[in-house]
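Notes follow once the structure below has been shown.
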Amino acid sequence: MELHINGKSYEVHAEPDTPLLWVIRDELGLTGTKYGCGLAQCGACSVLIDGVVARACVLPVAGVVGRQITTIEGVEADPVGRRVVDAWVRHQVPQCGYCQSGQVMAATALLRETPHPSDEQISAAMVNLCRCGTYNAIRAAIHEVAGQAGKSSTALNEAAGAEDTGRAQA
Amino acid sequence: MNHTPDAPALEADEEGFPTGDPANISRRRFLTSSAGVAAGAFVLGVGLPVGEARAARAAAAPMPAGTRVPAFLEIRPDNSIRFQSPFVEGGQGIFTAMAQIVGEELDADPSTFIVENAPAGNDYKVLSIGMRITGGSMSVRLSYPTMRRLGALARQMLLEAGARQLRVPVSELTTEPGRVVHAASKRSVTYGQLAGVAMDLPVPAPDSVKLKDPAQFRWIGKPVQRLDVHDKSTGKAVYAIDCRVDGMLHAAVQHAPRLGQTVGGIRNEAQVKAMKGVHSVHRLPGAVAVVAERWWDARRAAEALQVDWKAPAADSTARVMPADFSTKALAAQLERMPGPGENAENVGNTEAALKAAHKQVSATYHSQFVHHAQIEPPSALARFNADGTLEVWLPNQAPELFQGDIAKRTGLAPEKIIIHSPLLGGFFGRHFLYDGGTVYPQAIALAKAVGRPVKVIWSREEEFLRDPVRPMAVVRFRAGLDANGFPVALEAESVTEGPTEGIANKRGDKMDPTALEGIAGKAYAIPNHRIAQVYAKQHATLAYWRSVGNSMNDFIYESFLDELADAGGKDPFELRLHLLQGNARLTNLLRAVGELSGGWKRGPYIAADGTRRARGVAMASPFGTEVAAIAEVSIEQGQVRVHEIWEAIDPGSIVNPAIIEAQVNGAVALGLSQVLLEEAVYEKGMPLARNYDMYPILPLARMPRVHVRIIESGAKMGGIGEPPLPPVPPAVANAVAHLTGQRVRSMPLSRHVFKS
């Protein structure tokens, strides 16, 4: 089988029903995409298939032959992905970082489809789990990529609120 | 979490009996076969300690931990600094904090640091309690002077080398970030140019260097960017699960349904061995493993195994899970166990004060088992080398502890065991030494059996089966109020087993402080109080969970305190201020969180969006830090919605305010997840949930806004990672109780339907 990943072609030998996740991790050594649950619950394995986010842990590899696969290793080649990564760094999003490959892929897919998502759209799209609780930083980073235009006042408040830190000397 | 006792070996041998297949197997029916091709030859770049050779040369005389500079620092010609961290990075930002602290005194920009977790070794036991553990929020607060001094010693060595190179007295030299400067001749030389000479110089006497005046700090106390954020945003960060070595095989396991059971027969061993990609099938203590060229093949085959499991021996001293165990029955059993238990605190005359009280209030609270549910499933990679050494890559919070355990298990000398500690994909207490809860004994046994390196990954389902849980407690309160409605007596009997007692599988000589922390040690001035533990073994393997005993006990105590406020006709915020009279630090903290929230108001009130809301407040004193939180909630379709969390945190003094804000956000998320959603339920000796579908954790959609105020009171430095969690669950529960009139005395709140 030939896979198109991050603009390159790879010949792979896995059985057709092997999940894409394990082909890219074990056979191709692209370990940026993570295993978390194996049940499409947590989103750590999120990749883009023809620009749309998918859970690689439940995706038989045979089903993605001939499609354009983007993994976290290739995300910065995508103009939206590049801006997402920049915003992730500016907002210092990751803590342990294990889920963040999937978070970045999910955010990239959201912003490619919906350049100015509302808070409701972010909540609906960003269902990837993060045990470190980086959710407010994720939301703020997505709003930053979306830019100020087209956001409701609620969204602006939300983004500001997530950054709201006071510090006092006593 | 001060120590992790020795892990007793498993033993079992009795009549066998069969069990069912894992419940999730049908979901995977679309995945039935695969082929085996060796994984690419990619040797992981987790290296040996940089300064090992130099450290060995300098090892003639024993040196105190945290002083042998070359064991920690390698300064490269390009002025980048490779630093061996005594503490493992798992999201808490410790690599960056270490770079700030060492860089401050070394006079080197933290952004030039490349930080790795140090190997096992006495040089790295830098905690003031004489050991090395990443946990208990101890890393910075118990190594701060030592790590500053390490930077200062390295700077002094660079100055000495600079004096030789520039041929001037060392007294004429000073430093700027990354370089030694001779101001008189306007000459300077970079650390990178000097390091070759400097690191071969003797380390100066530890007390010969002077630390900086904090007023001169350039990086400590500033929101320095974390060092690993770009790597973690682009998939480049390497965790244990990502590690690979040449010739490595993969393995998956099927665990016995209950801890303590052993392998009887395997009914379909021949068929499983014949499955595509399978290398071999192995019987391990309490598990059967399949080794394959690829993990997916191993996993599929391990799931297909039909194993007859044997019951543990009746006289087994190991912790075993009874076949009839259920969390429901355990809760009922704890409720029935009588007091008075063993007193941790007994002040005044509680019984007499209760009898004399104007009004008595009593209530019983419950806490639940919870999972760590870190997103990285546990794994371990083991390789026996030709030179007689054993290398193990594993998630861990204490390299020397694991090295010692491996030495005991294998009979190898500790110095023959090389521990690699990659980044942790979350830990929250998961990666201490838990008997039956760690992967590396399996990886070592398999690597030995097959003569090749083996990496074992536990599937999420196997992880939830073996993840040790936070203990359960039933806490019985009785309190007495005086005629003015103020509490004058409080009795708490907690029927529980502390996590440390659980890990030891026995009671220690002293009481386990992690059992009662959050109920004992309160700052409130209640003149008569008795706080006791009734020891009750829980069968499930127990663990530390972020903020440990405080994670449940502050929910319990701070909720009951609000009940006392209501019973005495007091506002809960005002009652706390009253009980903290004369305690300037906590009074200031409580006022600060009130101010942060725009002024304390309990509600209920109607918010701008038309929802009816109320607020709750709670405080806690975990790990040397003081915290207070206010939560604002409403009810949406019968369930609790948390809109805002305001939290004030006083750790005394700080290193990085941006990391603290991130840690507060994370602790809020975990605290909310616990109070709103989480409970590990056992029936017939097994956890019902084996994945996130049955064990929901907080998603982004339920994350409230979080507002943080950091207070540097100047008190003794406290912890950061654990402390922000404990006040969050009770602040929410108190808000809900006030809004709905329903006082829920257990978690999670999702088990109840609320009326607004």
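So that the names make sense, note that chain A is the first sequence line, chain B the second, and so on, each numbered from 1.
Listed options B/G666, B/S673, B/G93, B/P696 were ranked by heavy-atom pairs under 4.5 angstrom with chain A; first place goes to B/G666. With chain A as partner, the option from B/H372, B/E376, B/Q374 having the largest number of non-hydrogen pairs under 4.5 angstrom is B/E376. Each of B/A669, B/P377, B/A701 has some count of heavy-atom pairs under 4.5 Å with chain A, and the biggest count is that of B/P377.
A/V127 does not touch chain B: none of its heavy atoms, backbone or side chain, sits under 4.5 Å away. With a threshold of 4.5 angstrom between heavy atoms, B/S459 approaches chain A through its backbone and through its side chain. With a threshold of 4.5 angstrom between heavy atoms, A/Q95 approaches chain B through its backbone and through its side chain. For B/A373, the parts sitting under 4.5 Å from any heavy atom of chain A are the backbone and the side chain alike. Only the side chain of A/I138 comes within contact range of chain B, with at least one heavy atom under 4.5 Å from a heavy atom of that chain. The part of B/L424 that comes within reach of chain A is its backbone (N, CA, C, O), which places non-hydrogen atoms under 4.5 angstrom from that chain. Heavy-atom distances place the side chain of B/F428, and not its backbone, under 4.5 Å from chain A.
Among residues 76-88 of chain A, the residues having any heavy atom closer than 4.5 Å to a heavy atom of chain B are, in sequence order, A/E76, A/V85, A/W88.
A salt bridge is defined here as a Lys NZ or Arg NE, NH1 or NH2 lying under 4.0 Å from an Asp or Glu carboxylate O, and B/R690 with B/E463 fails to meet this definition. No salt bridge links B/R641 with B/E632; every basic N to acidic carboxylate O contact stays at or beyond 4.0 Å.
The aromatic rings of B/W295 and A/W22 sit tilted, their planes meeting at an angle between 30° and 60°. Between B/H371 and B/F464, the two ring planes are parallel [angle under 30°; tilted spans 30° to 60°].
Every residue meeting the salt bridge (Lys or Arg N to Asp or Glu O under 4.0 Å) condition with B/E644, not counting sequence neighbours, appears here in chain and number order: B/R705.
Taking 4.5 Å as the limit, every side-chain heavy atom of A/N6 sits out of range of all side-chain heavy atoms of A/I69. Side chains of B/P704 and B/H643 form no contact here, defined as non-hydrogen atoms less than 4.5 Å apart. For the pair A/R25/A/K34, a side-chain contact is recorded, criterion being any heavy-atom separation below 4.5 Å from C-beta on.
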Which atom pairs, one a donor and one an acceptor, fall under 3.5 Å between side chains of residues 45-65 of chain A and the rest of the protein, sequence neighbours left out?
from: A/S46; atom 1: OG; to: A/G43; atom 2: O; distance (Å): 2.7
from: A/S46; atom 1: OG; to: A/N128; atom 2: ND2; distance (Å): 3.3
from: A/D50; atom 1: OD1; to: A/Q68; atom 2: N; distance (Å): 2.8
from: A/D50; atom 1: OD2; to: A/R67; atom 2: NE; distance (Å): 2.8
from: A/R55; atom 1: NH1; to: A/A40; atom 2: O; distance (Å): 3.1
from: A/R55; atom 1: NH2; to: A/N128; atom 2: OD1; distance (Å): 3.3

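For residues 89-111 of chain A, the salt bridge (Lys or Arg N to Asp or Glu O under 4.0 Å) pairs, not counting sequence neighbours, are A/R90-A/E144.
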Run the side chain to side chain donor-acceptor pair (under 3.5 Å) check on B/Q663 and B/Q92 step by step: do they pass? CA-CA 7 Å; B/Q663 287 302 294; B/Q92 79 280 40; over 6 Å; no
